[in-house]
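Below is one structure; the comments refer to it alone.
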Amino acid sequence: METSEANVTEKKSSNFVEEFIEEDIAAGKVAASPTKMVHTRFPPEPNGYLHIGHAKAICMDFGAAAKYGGQCNLRFDDTNPSREDTEYVDAIKEDIHWLGFDWGDRMYYASDYFQQLWDLAEEMIRRGLAYVDEQSAEVIAEQKGTPTQPGVESPFRNRPAEESLDLFRRMNKGEFDEGTMTLRAKIDMASPNMHFRDPIMYRIIKYPHHRTGTKWQAYPMYDFAHGQSDFIEGITHSICTLEFEVHRPLYEYFAKIFAEIKGTTYTPRQIEFNRLNLTHTVMSKRYLRNMVETGVVRGWDDPRMPTLCGLRRRGYTPQSIRDFITTIGYTKYDALNDIRLLENAVRNDLNKNATRIMGVIDPVKLTITNWPAGKVEMCEMDNNPEQEGSGVHQMPFSGELYIEREDFQEVAEKKFFRLTIDKEVRLKSAYIIKCTGVEKDAEGKIVNILCTYDPESKSGMPGADRKVKGTLHWVSAQHAVKAEVRLYNALFMDEEATTESERNPESEIVVENAYIEPFVKEHAEVGNKFQFQRLGYFCIDKDTTADKLVFNRTVSLKESK
RNA sequence: UGCCCCAUGGUGUAAUGGUAGCACACCAGAUUUUGGUUCUGUUUGACUGAGUUCGAGUCUCGGUGGGGCAACCA
């Protein structure tokens, strides 16, 4: 497993979230908070894998804490046992670590606070701020009104606190069926903010919780769990995405009550930023799960998935993802980010760090007719011209090679810089060759390209200092390693993709018989990254076995044909 | 006919009342033993209308356009 450290203290230009935090530091609010430091949290729900949108939140939550010398807690938001599972917990932790962040010893669960939340709810009932409603979901929804029409009050709204308290406790003992009763906050059924129309605080769920088992049968809703958990942990800045903006007044309402009951002035502050949208990509957890379950993709970590494990398998580096996040920034504008920004970020990183090798994906045989029979010669190739001291490796050259089929044209079109009959071309790090003819099969398909080589033109020799039309990559037929190469493209045709969008039938193209230079055999660990010269960046897939190499194309090289 | 939020080149994002900049994309050129990299250059922008001000992308108001809110999800 590859790891990397986020240079979280690096200077980035401030965004509005950080400006808010700086204001709160200046106003002394942070110093007056429970842990006296900027304290954030990353609160995933353990019901799916993290995707690149979560990476944006992670970089914000952990990054802001680090920038101001504070801390970020990891907190699993597990208030709905019927849809959550520990299955996801380890994967989520792994992904956060892989991205380069760490929560120290502060890994929590909202379920850690169920008792405190319960006590708080009971106190609210006693204070006349909450009541048990015995109406069905349908009736409650009807009474809620619409955004343009006020709601009406429940007939149970003004029942005595003692009665609500009794029912509330019995809800939790399993005396009532799911859906028959809820605890509601008594606020304002006519509020223009729908979330103030007596929001549900607790509902009955008779499904064992993955951590607390059957201890509880009434569980808090998001609005009565998230902010309260923030409060309990001493969070100063609860940073989330824009869709929670309308929840903020309720967040503050509950926080104020909690502070009053606790006799403090501290309250956490919720700040919202825009979520990540990418062109040609769908981020919906439900949709992603569906693709996994219906076998459309190879799993949550399919290289086409926007999940962090998918990007990792695809060959993306943590650094490239962090760089990308820095580039797109944090605002309140609902933006659609061009996926080419992500691709650019990984090219930048891999250009500096990926070892150069040669691989031929669509091979055609090339025979050097004047090469001494049986002779094998070694050629020296730079591991990475962009990285000083990265060294060289040897590559065998012989009279029978493979080159890329598209690198040869019998009749060259204009601006074709590659091999064509009677013209010279350079084989990178080897010799200059000249095409003398071709052999075709019965269908007219080229099966062998015949060339002569210039013995004085080997790279490094004076004879190599000659302008030629182009430079090609190649492998020696008898030495090359066969490999499977999986070429990846966008998952969706639409730039602005939705769950209704047509999927790209060529999102994955499997090439069974590619040839890779033998050097790769000594470096065939899963996840290793290479540049196949002139083609793109590739990494070794986990499907690789002792006798079969499998590569994923992370991203192609830029092309300016 | 409600409430909340948003609006800067094609895309994303800076500027904190004082020269509209950066990245990606695009186009052109130079370099190049990767049609990669690197370098240089060109084109392209304040939703709209009023107001405040010596001066407005920035502040105010009105339009317009976009997003969110009516789960016993988070």
Side-chain angles (χ1 to χ4, degrees), chain A residues 13-15 19 43-45 47 77-80 82-84 110 133 135-137 140-142 144-151 178-184 191-197 199-205 218-219 221-223 225-226 240-249 272 274 279 285 323-324 326-345 347-348 351-352 356 358 381-382 385-386 415-418 426-430 432 459-460 464-468 470-473 495 531-537 556-561:
Chain A
S13 75
S14 281
N15 51 61
E19 283 174 20
E45 186 185 12
N47 73 341
D77 223 337
D78 57 347
T79 57
N80 189 345
S82 65
R83 47 179 255 165
E84 292 150 8
D133 196 341
Q135 302 184 106
S136 69
I140 290 176
E142 217 169 282
K144 202 138 204 170
T146 70
T148 54
Q149 286 174 321
E178 281 186 21
T180 56
M181 255 178 231
T182 56
L183 181 71
R184 292 229 261 165
S191 171
N193 184 334
M194 296 296 290
H195 297 281
F196 272 66
R197 322 248 263 227
I200 290 168
M201 295 164 62
Y202 272 84
R203 79 294 211 191
I204 299 167
I205 298 176
Y219 291 90
M221 298 282 292
Y222 169 84
D223 283 311
H226 194 93
C240 59
T241 45
L242 245 30
E243 69 268 27
F244 293 100
E245 208 157 19
V246 282
H247 292 247
R248 192 188 336 130
E272 313 86 17
N274 61 343
T279 57
K285 248 190 222 177
D323 288 347
F324 165 71
T326 301
T327 302
I328 62 170
Y330 297 87
T331 68
K332 303 191 80 160
Y333 177 73
D334 189 25
L336 179 62
N337 297 282
D338 196 325
I339 196 158
R340 286 178 295 185
L341 287 167
L342 217 209
E343 294 174 346
N344 179 258
R347 280 195 194 102
N348 274 341
N351 176 49
K352 290 189 189 73
R356 268 61 170 172
M358 304 239 217
M381 195 158 81
D382 286 340
E386 301 299 316
K415 288 218 154 188
F416 184 73
F417 298 159
R418 293 164 274 172
R426 186 190 309 276
L427 294 177
K428 186 166 173 70
S429 304
I432 294 173
S459 294
D465 292 338
R466 176 164 18 128
K467 281 272 181 225
V468 288
T471 302
L472 306 187
H473 62 278
E495 184 163 81
Q531 184 198 86
F532 289 4
Q533 299 208 64
R534 303 209 307 131
L535 295 178
Y537 297 98
S556 67
L557 252 33
K558 276 204 274 187
E559 287 179 42
S560 51
K561 282 182 195 173

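Order of the sequence lines fixes the chain letters, A, B, ..., with proteins taken first and strands second; residue numbering starts at 1 for each chain.
With P as the reference atom, U53(B) and U60(B) are 16 Å apart, rounded to whole Å. Look at the C1' atom in both G51(B) and G17(B): the space between them is 16 Å, to the nearest Å. Comparing U16(B) with G57(B), their P atoms sit 14 Å apart, to the nearest whole Å. As rounded to the nearest Å, G63(B) and C5(B) have P atoms that lie 16 Å from one another. Nucleotides A14(B) and C22(B) have their P atoms positioned 15 Å apart, rounded to a whole Å. Comparing the C1' positions of C26(B) and G45(B) gives an interatomic distance of 15 Å, to the nearest angstrom. When the C1' atom is compared between G55(B) and U19(B), the two are found 13 Å apart, to the nearest whole Å. Nucleotides G9(B) and A46(B) have their P atoms positioned 7 Å apart, rounded to a whole Å.
The ring pair (Phe, Tyr, Trp, His ring centres under 6.0 Å) search around Y330(A) returns F273(A), not counting sequence neighbours. Partners of E84(A) by side-chain hydrogen bond (donor to acceptor under 3.5 Å, both in side chains), not counting sequence neighbours: none found. For R83(A), the side-chain hydrogen bond (donor to acceptor under 3.5 Å, both in side chains) partners two or more places apart in sequence, or in a different chain, are E45(A). Every residue two or more places apart in sequence or in another chain that forms a ring pair (Phe, Tyr, Trp, His ring centres under 6.0 Å) with H226(A) is listed here: Y222(A).
Side chain R340(A) to base U11(B): no donor-acceptor pair is found below 3.5 Å. E386(A) contributes a side-chain N or O that forms a donor-acceptor pair with the base of G36(B) under 3.5 Å. Scanning atom types as modelled, one donor and one acceptor separated by under 3.5 angstrom connect the side chain of R418(A) and the base of G35(B). Not a single donor-acceptor contact under 3.5 angstrom links the side-chain atoms of T471(A) to the base of U34(B).
T182(A) and D133(A) share no side-chain donor-acceptor pair at under 3.5 Å.
D78(A) contributes a side-chain N or O that, together with a main-chain N or O of A110(A), makes up a donor-acceptor pair within less than 3.5 Å. In this structure, the side chain of R347(A) does not engage the main chain of Y537(A) through any donor-acceptor pair within 3.5 Å. Checked by atom type and distance alone, the side chain of R426(A) never pairs as donor or acceptor with a backbone atom of S459(A) at under 3.5 Å. At least one donor-acceptor pair under 3.5 Å links the side chain of R197(A) to the backbone N or O of K144(A). With S191(A) contributing its side chain and N193(A) its backbone, the two residues share a donor-acceptor pair below 3.5 Å.
In this structure, CD of E559(A) is placed 11 Å from P of U37(B), rounded to the nearest angstrom. Between the CZ atom of R347(A) and the P atom of U38(B) there is a distance of 11 Å, given to the nearest Å. Between the CG atom of L342(A) and the C1' atom of U13(B) there is a distance of 16 Å, rounded to whole Å. Atom NE2 of H473(A) and atom P of U34(B) are 13 Å apart (whole Å). G35(B) atom P lies 13 Å from atom NZ of K467(A), rounded to whole Å. Going from atom CG of N337(A) over to atom P of G10(B) covers 17 Å, rounded to whole Å. For the pair Y330(A) OH and A14(B) P, the computed distance is 12 Å after rounding to whole Å. In this structure, the CG atom of N344(A) is 15 Å from the C1' atom of U13(B), given to the nearest Å.
Annotation: E142(A), atom CD; neighbour count of heavy atoms from other residues, nucleotides and ligands within 6.0 Å does not exceed 12.
Judged by centroid separation below 5.5 Å and plane tilt below 30°, Y333(A) does not stack onto the base of A7(B).
Looking at heavy-atom distances under 4.0 Å, L336(A) makes contact with sugar-phosphate atoms alone, never a base. Residue contacts for K352(A): at a heavy-atom cut-off of 4.0 Å it reaches no nucleic acid atom on any strand shown. At the heavy-atom level, R356(A) lies under 4.0 Å from base atoms of the strands shown. Q531(A) comes within 4.0 angstrom of a nucleotide base, judged by non-hydrogen atoms across all strands. Counting non-hydrogen atoms under 4.0 angstrom, A345(A) reaches nothing in the nucleic acid.
Remark: RNA chain B takes part in the stems B:2-7 with B:64-69, B:10-13 with B:21-24, B:27-30 with B:38-41, B:47-51 with B:59-63, each of 3 or more antiparallel Watson-Crick or G-U pairs, criterion distances under 3.5 Å.
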Once each nucleotide of nucleotides 67-74 of chain B is scored for protein heavy atoms under 4.0 Å, what B/S/- sequence comes out, 5' to 3'?
SBSBSBBB
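Residue R534(A) places at least one side-chain N or O closer than 4.0 Å to OP1 or OP2 of G35(B). A sub-4.0 Å separation between OP1 or OP2 of A25(B) and a side-chain N or O of K558(A) is present. For T331(A), a side-chain nitrogen or oxygen approaches OP1 or OP2 of U13(B) to under 4.0 Å. Regarding contacts with the backbone of U13(B), a side-chain N or O of N274(A) is found under 4.0 angstrom from either OP1 or OP2.
Remark: N344(A) CG to T327(A) OG1 distance equals 7.5 Å, nearest 0.5 Å.
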